[in-house]
**Student:** 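Before I ask anything, here is the structure I am working with.
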Amino acid sequence: MKTKFLLLVVGLLICFGSSITVNAMSEKYYQQLNSDQKKIYNEMLNHFYGADSTEFYSDINRTFTGIPMDIAIEPYKNNALIAYSALLNDYPDFYWATQISLSFTGGNLMSESEVKSSTIYKVLYYLNVDSTVTKQEVYEKNLLKAIRAINKKTKKKKSDYQRILAIHKYICKNTKYDIKHVGNTAAKYHYLHTAYGVFVKKKAVCDGYSIAFKELCDYYKIPCMIVYGRVKNKYGVYENHAWNVVKLKKKWYAVDSTWDDSSKSKTWFLCGRKQLKKTHMEITANADVLQKGVFSYPKINKKSYK
């Protein structure tokens with residue numbers, strides 16, 4: 001018997017089971033995974049990154065006494081979700097991944113109308129992609145264009161501060177927030193949630209801004225994480241949002257390129273907790289709303305950077 005589960009919806013705004021916990025916060029999502037999740041993460045990285053393959057098998061060969069197969073598979077589903085999310089957040093140029101699904105082979109051993117045991121033999125991880133060689137070439141060309149522009153701006157001052165500022169300005173200047181399609185989950189708008197939207201289409205929504213920001217920080221080896229949380233909008237209502245935290249001179253600060261682009265300001269550039277808490281949900285351990293506490297983020301500095 002073969003059953004298929006849809007594990008990830010289009011985009012990065014994904015939800016996990018709140019019962020899953022991980023280790024303490026680190027600069028990489030990978031380092032927050034447990035050993036089983038790390039194995040899946042590494043397999044995904046080996047098979048999926050660079051689109052060398054779109055699937056791989058994992059041998060399970062395990063029997064579960066008194067547990068039906070649809071329940072026995074749940075931990076594997078959850079671990080796959082968490083590992084996949086970590087991979088996307090650690091590798092922002094993984095823009096072409098749109099969805100991962102999990103299939104498994106096995107069966108239930110029945111005794112009259114009750115399940116006596118279930119056995120899972122293999123699990124198949126399958127990745128849906130939206131990519132071509134041409135699209136990848138266009139992406140890399142535009143990414144290099146952004147890097148050249150930033151290098152030009154920081155030619156005389158190559159400090160991390162100047163580079164973070166140049167990255168922020170480049171993204172705000174060259175990206176339009178697509179308010180018309182902000183909640184549209186159609187596949188053709190998937191790019192809005194990726195760095196491809198920023199560098200190629202010049203249109204994105206909040207997670208697209210944040211992923212592109214991390215992409216450029218990664219190039220300059222500036223510690224950066226994507227944050228998924230909630231913000232209070234101008235009507236006083238909290239809504240889902242994504243932004244970044246960056247490490248500068250051994251301290252962490254928040255950067256919200258989306259809001260600064262909308263307000264044409266630097267209000268949310270390298271801001272501290274005192275400023276951030278006015279509108280953004282304070283970042284504490286396991287506070288990320290969209291992923292229901294699976295990951296932790298660093299505690300940012302109390303005061304904004306001066």
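FYI, side chains are in, hydrogens and waters are out, and symmetry mates aren't considered; it's all heavy atoms of this structure.
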**Student:** Should side-chain heavy atoms under 4.5 Å link Ile, Leu, Val, Met, Phe, Trp and Tyr, which residues sit in the same cluster as V115?
**Tutor:** M110
**Student:** Looking only at side chains, do T63 and T119 share a donor and an acceptor under 3.5 Å apart?
**Tutor:** yes
**Student:** Go through the structure and list residues passing side chain to side chain donor-acceptor pair (under 3.5 Å) with N61, not counting sequence neighbours.
**Tutor:** none
**Student:** Please name the pair of heavy atoms, one in A80 and one in L102, separated by the smallest distance, quoted to 0.1 Å.
**Tutor:** CB-CD1, 4.2 Å
**Student:** Flag yes if V138 and L216 sit in one hydrophobic cluster, no otherwise; membership is Ile, Leu, Val, Met, Phe, Trp, Tyr, and two members link when side-chain heavy atoms are under 4.5 Å apart.
**Tutor:** yes
**Student:** Do E43 and Y57 pair up side chain to side chain, a donor and an acceptor below 3.5 Å, judged on atom types alone?
**Tutor:** no
**Student:** Are the side chains of I120 and M69 in contact, using a 4.5 Å heavy-atom criterion?
**Tutor:** yes
**Student:** Starting from the C-alpha separation in whole Å, work towards a yes-or-no answer on side-chain contact (heavy atoms from CB on, under 4.5 Å) for V237 and K232.
**Tutor:** CA-CA 5 Å; V237 177; K232 188 190 298 183; over 6 Å; no
**Student:** Just so I know, are the side chains of S85 and L88 near enough to count as touching, which here means a heavy-atom distance under 4.5 Å?
**Tutor:** no
**Student:** Evaluate the side-chain proximity of Q136 to T132: yes if any heavy-atom separation is below 4.5 Å, no if none is.
**Tutor:** no
**Student:** When clusters are formed by joining ILVMFWY residues with side-chain heavy atoms under 4.5 Å apart, either directly or through shared neighbours, do Y121 and V123 land in the same one?
**Tutor:** no
**Student:** Using side-chain contact (heavy atoms from CB on, under 4.5 Å), reason through Y305 and L248 one step at a time and then give a plain yes or no.
**Tutor:** CA-CA 9 Å; Y305 184 83; L248 182 60; 3.5 Å; yes
**Student:** Report yes or no: does S117 contribute a side-chain atom to a donor-acceptor pair with the main-chain N or O of G66 at less than 3.5 Å?
**Tutor:** no
**Student:** Taking only residues at least two apart or on different chains, which pairs with a member in residues 161-182 satisfy side chain to side chain donor-acceptor pair (under 3.5 Å)?
**Tutor:** H168-S257, H168-D260, D178-H181, H181-Y189
**Student:** Quick one: do the D160 and Y220 side chains pair a donor with an acceptor below 3.5 Å?
**Tutor:** no
**Student:** Which heavy atom of C224 sits nearest a heavy atom of V246, and at what distance?
**Tutor:** SG-CG1, 3.8 Å
**Student:** Take L127 and M44 through the test side-chain contact (heavy atoms from CB on, under 4.5 Å) and record every step on the way to the result.
**Tutor:** CA-CA 9 Å; L127 184 72; M44 290 180 177; over 6 Å; no
**Student:** Less than 4.5 Å apart, any side-chain heavy atom of N240 and any of V231?
**Tutor:** no
**Student:** Please step through side-chain contact (heavy atoms from CB on, under 4.5 Å) for the pair K251 and Y253, ending with a clear verdict.
**Tutor:** CA-CA 7 Å; K251 295 180 180 179; Y253 300 91; 3.7 Å; yes
**Student:** Mind checking what makes side chain to side chain donor-acceptor pair (under 3.5 Å) contact with D218, not counting sequence neighbours?
**Tutor:** K214
**Student:** Tell me whether K264 contacts the main-chain N or O of D261 through its side chain, where contact means a donor paired with an acceptor under 3.5 Å.
**Tutor:** yes
**Student:** Apply side chain to side chain donor-acceptor pair (under 3.5 Å) to D130 and list each qualifying residue two or more places apart in sequence or on a separate chain.
**Tutor:** K135
**Student:** Would you say that Y219 contacts I150 through its side chain, given a criterion of any heavy-atom pair below 4.5 Å between the two side chains?
**Tutor:** no
**Student:** Do I167 and F213 come close enough that some side-chain heavy atom pair is under 4.5 Å?
**Tutor:** yes
**Student:** To the nearest 0.5 Å, what is the distance between CG (D93) and OG1 (T194)?
**Tutor:** 11.0 Å
**Student:** Take atom NZ of K202 as the centre, draw a 6.0 Å sphere, and report whether it contains more than 12 heavy atoms from other residues, nucleotides or ligands.
**Tutor:** yes
**Student:** If you take all heavy atoms of P92 and A195, which pair is closest and at what distance?
**Tutor:** O-CB, 4.2 Å
**Student:** Would you say the rings of Y191 and Y95 are close, in the sense that their centroids are separated by under 6.0 Å?
**Tutor:** no
**Student:** Is a donor from one side chain sitting under 3.5 angstrom from an acceptor on the other, for H241 and D256?
**Tutor:** yes
**Student:** Considering all heavy atoms of both residues, which atom of A166 and which atom of T154 are nearest to each other, and what is their separation?
**Tutor:** CB-CG2, 3.8 Å
**Student:** Where do A86 and F295 come nearest, in terms of heavy atoms and distance?
**Tutor:** CB-CZ, 4.0 Å
**Student:** Going from OG on S58 to OH on Y125, what distance comes out if it is rounded to the nearest 0.5 angstrom?
**Tutor:** 5.0 Å
**Student:** Check the orientation of Y76 and F64. Use parallel for under 30°, tilted for 30 to 60°, and perpendicular for over 60°.
**Tutor:** perpendicular
**Student:** Output the distance between atom CG (L33) and atom CG (D90), rounded to the nearest 0.5 Å.
**Tutor:** 8.0 Å
**Student:** Which distance, rounded to the nearest 0.5 Å, do you find between the NE2 of H190 and the CH2 of W96?
**Tutor:** 10.5 Å
**Student:** First locate atom CG of L124, then atom OG of S103, and finally report the distance between them rounded to the nearest 0.5 Å.
**Tutor:** 5.0 Å
**Student:** Among N244, I171, V205, which residue meets the side chain to side chain contact (heavy atoms under 4.5 Å, CB included) test with S210?
**Tutor:** N244
**Student:** Please identify which of these residues, F94, Y84, F48, Y30, meets the ring pair (Phe, Tyr, Trp, His ring centres under 6.0 Å) condition with Y41.
**Tutor:** Y30
**Student:** Measure the CG-NZ distance between N301 and K274 for me, rounded to the nearest 0.5 Å.
**Tutor:** 12.0 Å
**Student:** Using the ring pair (Phe, Tyr, Trp, His ring centres under 6.0 Å) definition, which of the options Y238, Y228, W243 pairs with H280?
**Tutor:** W243
**Student:** Ignoring hydrogens and angles, state whether a donor on the side chain of T267 or S265 is under 3.5 Å from an acceptor on the partner side chain.
**Tutor:** yes
**Student:** Tell me, do H193 and I211 make a side-chain contact under 4.5 Å, heavy atoms counted?
**Tutor:** no
**Student:** According to a 4.5 Å side-chain heavy-atom criterion applied to Ile, Leu, Val, Met, Phe, Trp and Tyr, with indirect links allowed, do L143 and V133 form part of one hydrophobic cluster?
**Tutor:** no
**Student:** S304: which residues meet the side-chain contact (heavy atoms from CB on, under 4.5 Å) condition with it, sequence neighbours left out?
**Tutor:** C271, Q275
**Student:** Taking C-beta and beyond as the side chain, do Y297 and M225 meet within less than 4.5 Å on heavy atoms?
**Tutor:** yes
**Student:** Side-chain heavy atoms nearer than 4.5 Å, only ILVMFWY residues, links allowed to pass through others: does that put I71 and L109 together?
**Tutor:** no
